[in-house]
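Take a look at the structure set out below.
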Amino acid sequence: MKMSKLFVQTLREFPSDAEVISHKLLVRAGYIRKLTSGVYNYLPLMWRVLKKIENIVREEMDAAGAQELLMPFVQPKELWEESGRWEVYGKELMRLRDRHNREMCLGPTHEEIITSIARDGLKSYKQLPVNLYQIQSKFRDEVRPRFGLLRGREFIMKDAYSFDMTQEGLEKEYENMAKAYTKIFKRCGLNTKMVQSDSGAIGGSVSHEFMVITDTDAGENDVFYCDSCDYSANSNHAVSKLPAGANITGEWTSAKIVDTPETHSIEELCDFLKIPSTLIVKTLVYIVDKKPVLALIRGDKQVEETKLMNAAGGSDIRIATAGEIEEMMGVNGFDAAKGFIGPQGLKEYNGYEITVIADETVKDMKNFVIGVNQKDKHGIGYNWDLDVKLPETVTDIRLVEAGELCPQCGKPLKVTRGIEVGNIFQLGTKYSKPMNAVYLDQNGKTQPYIMGCYGIGISRTAAAAVEAHYDEHGIKWPLAIAPYHAIVIPVSTKDEEQMRVANDIYVTLKKHGAEVVIDDRDERAGVKFKDADLIGFPYQIIVGKSIAEGNVEFKIRETDEKTAMKPEEAAEVVITAINNL
RNA sequence: CGGGAUGUAGCGCAGUUUGGUAGCGCACCUCGCUUGGGACGAGGGGGUCGCACGUUCGAAUCGUGUCAUCCCGACCA
């Protein structure tokens, strides 16, 4: 490809609306252009990168025994009603109507469709197990798209679905996919960590995410991990043991209600009572699917909202507003506000019974401090079941913090940020049962499939690769997913000798299957170098004045290391590298 | 959806306070000159100033409404 004909426009400045480096660089280097919020044009360079990632995914999925197919982007409401997700999925599901006023949606994921395909085509145990996948654009109407390709509304995803007869079969396929994923990301030049995670709206029980560790803002997930063993988990799923020695028994000898004026926060309450926060049972008010939920947790700990939501059996959670809390107090006959809430005596709100869920941290506390739903007062010296009832549900709803102890080996946990580029779920019969997707077993009995699903964000993987490989000059693509392997740069297009040598290298490389660009533009050398670095060609072969000694310069973008060598040698290095991919 | 901000040429921005018919840098076209890290000179093309209504002799500028975009919080590949 001639640079003069390559459809790319590099910019001198970063776009003003970009926040993270992958977004900034992909726009500035001419890979993508925003069409509308969260929706991007993939320009020719970007499309080459995406196709490379897709092909790696394809090769590894096929090698793992999966079969590719393609499902529709537009889906009918009826299937989503069968699975029950038309109601549950929420506003991320982009709903629309056709000319006959039939309700449809844009596919955010394809469990419903694949399940309908399976139940039509997989009637016998003899056909199982099977794993089907596709690579396709998805649409999720995110509340707040951001970070360019990392959180778009339209994005490219590989989604695979497995059908098994038994849980053991599913677990085997799950392992199979985990191995394939590890290979895929490695081939893409990415170091990923496989972490335990919550299974979220897609449902099911066991799930893991593949995280690119970044330690920048682009990593939207906190990952807790242990250096001493293999434990690692997303913060929404991480568990830990607490170091011993926290003071959880107060010195009061009897329970009473005392004045605690203006203590709206745990900190103020600690200061006023001159006690550590570990003696306080904190009560937080949440709304889970419209229902009021009180969360009780030790004063020094934070609630992990996903855990709480799961404990409450909901699919949506938010903290209650100050207004809602006051209203809730009012209808239950109290006059109190945030800071003074406690679990006793609260019956119902908004037509729902109030659920109380306690974190395990409060269970062993004694002579503690707790809100009693009276303004400027708290209960002190309280004990469970003597002064206040221990809630029926006591479970783990706590957000893990770095330094707490690994649940497996007891060593301190560390935290880092990660970009989720893939995930794997054990779905079980979550879709096959409600959608009546069954096969006949050896005994002629109908059985629902045991399903798994496995996703990879293709466009997100590309962006994550940029997050992991860049410098102040631009992108440093891993060779396997770079849009082109190399660029040949004749420093002066007017110099016949330089042009002749450059062309020879270009032709040789192409002949050996290399994807290569020749910068034939009548530009100054600086412009060509800047563009080559920004776009991120892994190899640059610079044909300049050293041609007098018969040499060219060979530059490796990853290290910016430059070596003088014969033109044939330079070509050879590139050819060897791509043959080793 | 709550809080904050911004919409002026493909990109980055000034002009709005004090109303007078739109400008700078980059990019693009032509010519000259230059050719090892985003040169220089001359000339040129491109904008219903987000949109609508209003105030006014006159609106990018003032008012009202509306749409879009971005940032901070709750969801996810």
Side-chain angles (χ1 to χ4, degrees), chain A residues 9-20 23 27-28 30 33-38 89-93 108-109 135-159 181 197-202 207 209-212 217 220-221 234 236 286-288 305-306 309 315-323 419-425 453-464 473-474 489-495 498 521-534 540 542-547 553 555 560 562:
Chain A
Q9 165 93 331
T10 58
L11 304 176
R12 286 288 276 277
E13 287 164 286
F14 284 120
S16 62
D17 60 357
E19 197 67 10
V20 299
H23 188 193
V27 173
R28 186 170 159 206
R33 269 294 169 100
K34 184 174 68 188
L35 182 61
T36 184
S37 179
Y89 208 97
K91 289 186 178 159
E92 284 74 40
L93 186 63
T109 174
I135 296 174
Q136 184 199 41
S137 286
K138 296 279 185 272
F139 197 94
R140 292 184 191 173
D141 198 2
E142 295 280 344
V143 185
R144 191 150 97 75
R146 59 180 152 176
F147 298 159
L149 259 36
L150 286 171
R151 177 167 301 282
R153 292 194 293 171
E154 185 177 304
F155 57 96
I156 300 174
M157 177 166 140
K158 186 281 302 181
D159 45 325
Y181 274 35
S197 94
D198 180 69
S199 42
I202 296 181
S207 85
E209 292 166 339
F210 286 77
M211 296 281 187
V212 174
D217 282 347
E220 293 190 83
N221 301 273
N234 191 316
N236 65 19
Y286 283 91
I287 306 292
V288 178
E305 297 189 351
T306 304
M309 181 178 81
S315 60
D316 181 58
I317 186 166
R318 64 177 176 83
I319 194 117
T321 64
I419 301 170
E420 181 188 350
V421 288
N423 65 12
I424 52 179
F425 289 95
C453 76
Y454 317 91
I456 290 179
I458 303 285
S459 40
R460 181 181 279 181
T461 297
H473 302 295
I489 304 176
V491 170
S492 169
T493 47
K494 298 226 166 56
D495 184 313
Q498 286 183 22
R521 296 176 301 170
D522 183 20
E523 286 286 356
R524 296 166 65 87
V527 173
K528 297 185 181 185
F529 295 154
K530 290 283 185 195
D531 276 343
D533 287 349
L534 181 60
Q540 299 174 16
I542 300 155
V543 186
K545 55 196 174 195
S546 59
I547 200 67
E553 277 163 80
K555 176 171 161 178
D560 280 345
K562 273 190 201 172

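The sequence lines fix the lettering, A, B, ..., with proteins before strands; numbering per chain opens at 1.
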_Complementary nucleotide for B:G65 - Watson-Crick or wobble, under 3.5 Å_ = B:C51

*On RNA chain B, nearest-nucleotide positions of A:K545 versus A:I317: which is more 5'?*
A:K545

*Do you know which of A:R151, A:K91, A:R153 makes salt bridge (Lys or Arg N to Asp or Glu O under 4.0 Å) with A:E142?*
A:R151

*Describe the nucleic acid contact of A:R28 in one word from base, sugar-phosphate, nothing, applying a heavy-atom distance below 4.0 Å.*
base

*Rounded to whole angstrom units, what separation is found between the CG atom of A:N236 and the P atom of B:C76?*
9 Å

*Would you indicate which nucleotide in B:G37, B:A77, B:U69 comes nearest to any side-chain atom of A:N423?*
B:A77

*State, yes or no, whether a side-chain contact exists between A:F210 and A:I424 at a heavy-atom distance under 4.5 Å.*
yes

*Select base, sugar-phosphate, or nothing to describe what A:P108 touches, counting heavy atoms under 4.0 Å on all strands.*
nothing

_Base, sugar-phosphate or nothing for A:E142? Non-hydrogen atoms, less than 4.0 Å._
base

_If I take atom NZ in residue A:K555 and atom C1' in nucleotide B:G36, what distance separates them, rounded to the nearest angstrom?_
12 Å

*asked:* Can you list everything that forms a salt bridge (Lys or Arg N to Asp or Glu O under 4.0 Å) with A:D159? Sequence neighbours excluded, please.
replied: A:K138

*Quote, to the nearest angstrom, the C1' distance that separates B:C28 from B:G36.*
26 Å

*asked:* Taking any heavy-atom pair under 4.0 Å as a contact, classify A:D495: base, sugar-phosphate, or nothing.
replied: nothing

_Nearest-angstrom distance, P atom, B:G65 to B:G25_ = 39 Å

_Carboxylate-amine/guanidinium contact A:E523 A:K530, below 4.0 Å_ = no

*If a protein heavy atom is under 4.0 Å from the base, mark B; if only from the sugar-phosphate, S; if neither, -; do that for nucleotides 22-28 of chain B going 5' to 3'.*
---BSS-

*Decide, yes or no, whether a salt bridge links A:R146 with A:E19 under the criterion of side-chain N to carboxylate O below 4.0 Å.*
no

*For the pair made of CD in A:Q136 and P in B:A77, what is the distance, rounded to whole Å?*
16 Å

*Have a look at A:G544 and say if it touches a base, only the backbone sugar-phosphate, or nothing, with a 4.0 Å heavy-atom cut-off.*
base

*Nearest whole angstrom, please: distance from the C1' of B:U34 to the NZ of A:K494.*
9 Å

*asked:* In whole Å, measure the gap between the C1' atoms of B:A60 and B:G23 for me.
replied: 12 Å

*For A:H473 and for A:E220, locate the closest nucleotide of RNA chain B by heavy-atom distance; then report the residue assigned to the nucleotide nearer the 5' terminus.*
A:H473

*State, to 0.1 Å, how close A:K158 and A:I458 come at their nearest heavy-atom pair, and which atoms those are.*
N-CG1, 3.9 Å

*Atom-pair distance (CD on A:E305; C1' on B:G73), nearest Å*: 10 Å

_Residue-phosphate contact under 4.0 Å: A:R146 side-chain N/O, B:C72 OP1/OP2_ = yes

*Has the side chain of A:K528 got a donor or acceptor atom that lies under 3.5 Å from a matching backbone atom of A:P490?*
yes

*So does A:S16 get a side-chain nitrogen or oxygen closer than 4.0 Å to the phosphate oxygens (OP1/OP2) of B:C13?*
yes

*Starting at atom CG of A:D17, determine the distance to atom C1' of B:G7, rounded to an integer number of angstrom.*
12 Å

*With a non-hydrogen cut-off below 4.0 angstrom, is A:K138 in contact with a base, only sugar-phosphate, or nothing?*
nothing

_Categorize A:D531 for me: base, sugar-phosphate, or nothing, with a 4.0 angstrom heavy-atom threshold over every strand shown._
base

*Taking atom C1' in both B:C40 and B:A22, what distance in whole Å separates the two?*
28 Å

*If B:G41 has a Watson-Crick or G-U wobble mate with both distances under 3.5 Å, name it; if not, just say none.*
B:C31

*Starting at CD of A:E154, measure out to CG of A:L35 and round the result to the nearest 0.5 Å.*
9.0 Å

_Distance test, side-chain N/O of A:S37 to OP1/OP2 of B:A68, below 4.0 Å_ = no

*Are OP1 or OP2 of B:G37 and a side-chain N or O of A:R524 less than 4.0 angstrom apart?*
no

*asked:* Just the rounded figure in Å: distance from P of B:G38 to CZ of A:F14.
replied: 16 Å

*Just call it for A:G152: base, sugar-phosphate, or nothing, with non-hydrogen atoms closer than 4.0 Å on any strand.*
base

*For A:D533, check side-chain contact (heavy atoms from CB on, under 4.5 Å) against everything at least two apart and list the hits.*
A:H473, A:Q540, A:K555, A:R557

*Which atom pair, heavy atoms only, marks the closest approach of A:S459 to A:F155?*
OG-CB, 3.5 Å

_Under 4.0 Å, counting only non-hydrogen atoms across every strand here, what does A:L534 touch: a base, just sugar-phosphate, or nothing?_
base

*asked:* Looking at B:C70, I'd like to know if its phosphate oxygens (OP1 or OP2) sit under 4.0 Å from a side-chain N or O belonging to A:K34.
replied: yes

*P atoms of B:C29 and B:G45, separation to the nearest Å*: 15 Å

*B:G7 and B:G15: how far apart are their C1' atoms, nearest whole angstrom?*
15 Å

*Aromatic ring of A:F529 stacked on base six-ring of B:G38, 5.5 Å, 30°*: no

*Once you apply the 3.5 Å cut-off to both distances, tell me the Watson-Crick or G-U wobble partner of B:G12, or none.*
B:C24

*Ignoring hydrogens and angles, does a donor from either the side chain of A:R144 or the base of B:C75 sit under 3.5 Å from an acceptor on the other?*
no

*asked:* Could you check whether A:D198 and A:T306, counting side-chain N and O atoms only, form a donor-acceptor pair closer than 3.5 Å?
replied: no

*Pair assignment for B:G73, Watson-Crick or G-U wobble, requiring both distances under 3.5 Å*: B:C1

*For B:G2 versus B:G20, give the span between their C1' atoms, rounded off to a whole number of Å.*
42 Å

_Quick check for you: among B:A68, B:U35, B:A77, whose closest atom lies nearest to any side-chain atom of A:T36?_
B:A68

*Please work out if A:V421 contacts a base, only the sugar-phosphate, or nothing of the nucleic acid, heavy-atom cut-off 4.0 Å.*
sugar-phosphate

*Rounded off to whole Å, could you give me the CZ-to-P distance for the A:R153 and B:A77 pair?*
18 Å

_Distance between C1' atoms of B:U56 and B:G46 (Å, rounded)_ = 31 Å

